[in-house]
Structure formats: C-alpha cells, structure tokens
A.B. asks: 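This is the structure, below, for whatever I ask next.
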Amino acid sequence: MLEEYYEVLRARLNEKRYEHSLNVAKQASCLAKKYGADVKKAEIAGLLHDVTKQTDEQEQLQLISDAGMRLSDLELENKKLWHAVSGMAFLKTKLNIVDEDILNAIRYHTTGRAGMSLLEKIVFVADMTTVDRTSLEAKKVRRVVQEDLDKAVCLTAIFSMEWLIERKAVVAPDTLCAYNDNVKAFN
C-alpha cells in the first residue's frame with residue numbers, strides 16, 4: 001500500500017516537496033510511537049499531507065467538488081489553504097481512503113482546529129518539526145514536542161499566527177481555536 005502512495009507523490013510533487021513529505025511521514029511515525037498513536041496511520045497521513053500542494057487551482061476545485069465538499073468563504077480567498085481540503089478530497093476519491101482520522105489529519109494539517117484527535121495533532125506538529133524546517137520557531141517546537149504534544153500544538157499555532165500577522169494575512173479561525181484549545185498545557 002505505501003509503495004502506491006510513494007508513486008502517487010513522485011508523480012505529483014517536485015523533489016523538494018517529495019522529500020518534505022517523506023520527512024513528515026518519518027516525524028509523524030516517531031511522534032506516534034512516542035505518544036501512543038497508530039504508527040501506520042501517522043505514516044500515511046504524514047506522507048500524503050501535501051499530495052495536492054502543487055496541483056493547479058482548477059484541478060483542486062474539481063477534486064473538492066467531486067468529493068461533495070466545498071470551501072468556506074475564507075478558504076476560497078486564501079488559496080494556500082486549498083491543498084488541505086483538496087488533499088482530503090484526493091484521498092477520498094482517488095485513493096479510496098475512508099479512515100476519518102487520516103482524512104481529518106490531512107484536512108487540518110495547515111490550520112489545526114479545536115478538538116483535534118491525537119493523530120491530527122501529530123501531523124500538525126510533524127509538518128512544523130521535520131528536519132527540513134530550519135527556522136528558530138521549528139527548532140523550538142522540535143524541542144517542546146519531546147516533552148509535551150499539546151504545548152507543541154499550541155506553539156505551532158502561535159508561530160503560524162505570528163507569521164500570518166507579520167504578513168498582514170488572514171488568520172484562519174481554526175488556528176486560533178487550536179491555540180485556545182491547547183493553551184491550557186502551559187498552565
């Protein structure tokens with residue numbers, strides 16, 4: 001099964017994005033082992049999280065429509081969020097993945113949300129903490145996740161919001177909700 005997913009990614013992503021996906025799968029697997037999540041699901045979700053990241057806009061919209069899904073108004077205006085929704089749609093319609101936890105891990109890997117499952121948290125943080133992420137923020141979250149996953153989720157949301165605010169970009173309400181839902185880890 002994983003071999004098929006590697007082939008799908010090779011066909012859809014450039015080398016840098018493909019390597020990033022492999023790194024996220026590896027990091028998600030490690031975090032799943034550490035925090036008691038399903039390692040296979042973590043590997044699959046980490047591997048496929050960006051499957052439509054380099055897909056053209058029309059194809060993304062078609063994937064979303066074919067899956068019976070729709071983008072919110074905020075998502076429609078922020079094309080960088082599309083790949084999370086179209087990725088979930090791709091998994092449903094092209095790869096026949098029906099596991100809701102994997103699908104939601106893909107759907108919310110960019111924004112997070114309140115009430116994330118363990119797998120969702122792992123993929124959200126794994127995307128930030130792979131070896132190919134070299135920012136000071138990524139290094140800080142990488143240290144924190146070794147001690148507390150909820151703190152790492154909170155910091156990932158903080159750094160995401162700060163990055164967006166510095167660029168005068170819209171912050172997805174789900175990201176603020178992910179922060180609010182996990183900030184109690186610091187108390």
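Values reported hereafter were calculated over all heavy atoms of this structure, with side chains retained and with hydrogens, waters and symmetry mates removed. Just so you know, residue 1 is the first one in the sequence shown, and it goes up from there. Everything quoted here is computed from the prediction, not taken from an experiment.
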A.B. asks: Under a plain distance cut-off of 3.5 Å, with no hydrogens placed, do Thr129 and Gln27 share a side-chain donor-acceptor pair?
C.D. replies: yes
A.B. asks: Among residues at least two apart in sequence or on other chains, which ones pass side chain to side chain contact (heavy atoms under 4.5 Å, CB included) with Val183?
C.D. replies: Cys154, Tyr179
A.B. asks: Give a yes or no on whether the backbone of Val123 and the side-chain of Asp127 come within a donor-acceptor separation of less than 3.5 Å.
C.D. replies: no
A.B. asks: Is there a side-chain contact between Lys140 and Met128, using heavy atoms and a 4.5 Å cut-off?
C.D. replies: no
A.B. asks: Side-chain heavy atoms under 4.5 angstrom apart, residues restricted to Ile, Leu, Val, Met, Phe, Trp, Tyr: same cluster for Val39 and Leu31?
C.D. replies: no
A.B. asks: Group every Ile, Leu, Val, Met, Phe, Trp and Tyr by side-chain heavy-atom contacts under 4.5 Å, then state whether Leu74 and Val85 land in the same group.
C.D. replies: no
A.B. asks: Taking atom NZ of Lys184 as the centre, does the number of heavy atoms from other residues, nucleotides or ligands within less than 6.0 Å exceed 12?
C.D. replies: yes
A.B. asks: Between Asp132 and Glu19, does a side-chain contact (heavy atoms from CB on, under 4.5 Å) hold up when you go through it step by step?
C.D. replies: CA-CA 9 Å; Asp132 55 294; Glu19 287 298 320; over 6 Å; no
A.B. asks: Cluster question for you: counting only ILVMFWY and a side-chain heavy-atom cut-off of under 4.5 Å, with indirect links fine, are Ile97 and Val51 together?
C.D. replies: yes
A.B. asks: Using a 4.5 Å cut-off on heavy atoms from C-beta on, say whether the side chain of Val125 contacts that of Tyr35.
C.D. replies: no
A.B. asks: Hey, any chance Ile122 and Leu103 share a hydrophobic cluster, counting ILVMFWY side chains that come within less than 4.5 Å of each other, even indirectly?
C.D. replies: no
A.B. asks: Drop me the distance from Leu76's CG to Leu61's CG, to the nearest 0.5 angstrom.
C.D. replies: 7.5 Å
A.B. asks: What are the two closest non-hydrogen atoms of Trp82 and Leu71, and how far apart are they?
C.D. replies: NE1-CD1, 3.5 Å
A.B. asks: Please round to the nearest 0.5 Å and tell me the distance separating atom NE2 of His49 and atom CG of Leu9.
C.D. replies: 9.5 Å
A.B. asks: My understanding is that a hydrophobic cluster links ILVMFWY residues whose side chain heavy atoms are under 4.5 Å apart, including indirect links. Using that, what else belongs to the cluster containing Val24?
C.D. replies: none
A.B. asks: Under 3.5 Å, side chain of Ser21 to main-chain N/O of Arg17, donor-acceptor pair present?
C.D. replies: yes
A.B. asks: Identify the heavy atoms of Leu119 and Ala105 that sit nearest to each other, and give their distance.
C.D. replies: CG-CB, 4.1 Å
A.B. asks: Count I, L, V, M, F, W, Y as connected when their side-chain heavy atoms are under 4.5 Å apart, and connections chain through other members. Are Leu2 and Leu91 then in the same cluster?
C.D. replies: yes
A.B. asks: Looking at His20 and Asp50, what are the two nearest heavy atoms and their distance?
C.D. replies: CD2-OD2, 3.5 Å
A.B. asks: Of all heavy-atom pairs between Met116 and Asn182, which one has the smallest distance, and what is that distance?
C.D. replies: CE-ND2, 4.4 Å
A.B. asks: Is any side-chain heavy atom of Phe90 closer than 4.5 Å to one of Ile106?
C.D. replies: no
A.B. asks: Phe186 and Leu155: side-chain contact (heavy atoms from CB on, under 4.5 Å), yes or no, with the steps?
C.D. replies: CA-CA 10 Å; Phe186 285 98; Leu155 284 176; 4.0 Å; yes
A.B. asks: Side-chain atoms of residues 143-151: list all donor-acceptor pairs with protein atoms under 3.5 Å, sequence neighbours left out, distances to 0.1 Å.
C.D. replies:
residue : atom : partner : partner atom : Å
Asp148  : OD1  : Asp150  : N            : 2.9
Asp148  : OD1  : Lys151  : N            : 2.9
Asp150  : OD1  : Lys121  : NZ           : 2.6

A.B. asks: Measure across Thr110 and Phe124 and return the closest heavy-atom pair with its distance rounded to 0.1 Å.
C.D. replies: O-CE1, 3.8 Å
A.B. asks: Taking only residues at least two apart or on different chains, which pairs with a member in residues 30-45 satisfy salt bridge (charged side-chain N to carboxylate O under 4.0 Å, His left out)?
C.D. replies: Lys41-Asp99
A.B. asks: Got a sec, which pairs hit side chain to side chain donor-acceptor pair (under 3.5 Å) with one end in residues 57-76, sequence neighbours left out?
C.D. replies: Arg12-Glu59, Glu57-Lys79, Gln60-Ser86, Gln62-Asp66, Ser72-Glu75, Glu75-Arg107
A.B. asks: Answer yes or no: is there a donor N or O on one side and an acceptor on the other, between the side chain of Glu120 and the main chain of Tyr108, under 3.5 Å?
C.D. replies: no
A.B. asks: Only pairs under 3.5 Å count here: list side-chain donor-acceptor contacts from residues 164-178, not counting sequence neighbours, and write none if there are none.
C.D. replies:
residue : atom : partner : partner atom : Å
Arg167  : NH1  : Trp163  : O            : 3.0
Thr175  : OG1  : Thr111  : O            : 2.9

A.B. asks: Specify the closest pair of heavy atoms between Ala28 and Ala126, including all atoms of both residues, with the distance to one decimal.
C.D. replies: N-CB, 3.7 Å
A.B. asks: Under the side-chain contact (heavy atoms from CB on, under 4.5 Å) criterion, do Met88 and Asn104 qualify, and how do the steps go?
C.D. replies: CA-CA 7 Å; Met88 179 184 189; Asn104 284 329; 3.9 Å; yes
A.B. asks: Verify side-chain contact (heavy atoms from CB on, under 4.5 Å) between Ile102 and Leu48, making sure each step is shown before the conclusion.
C.D. replies: CA-CA 9 Å; Ile102 292 173; Leu48 296 174; 6.0 Å; no
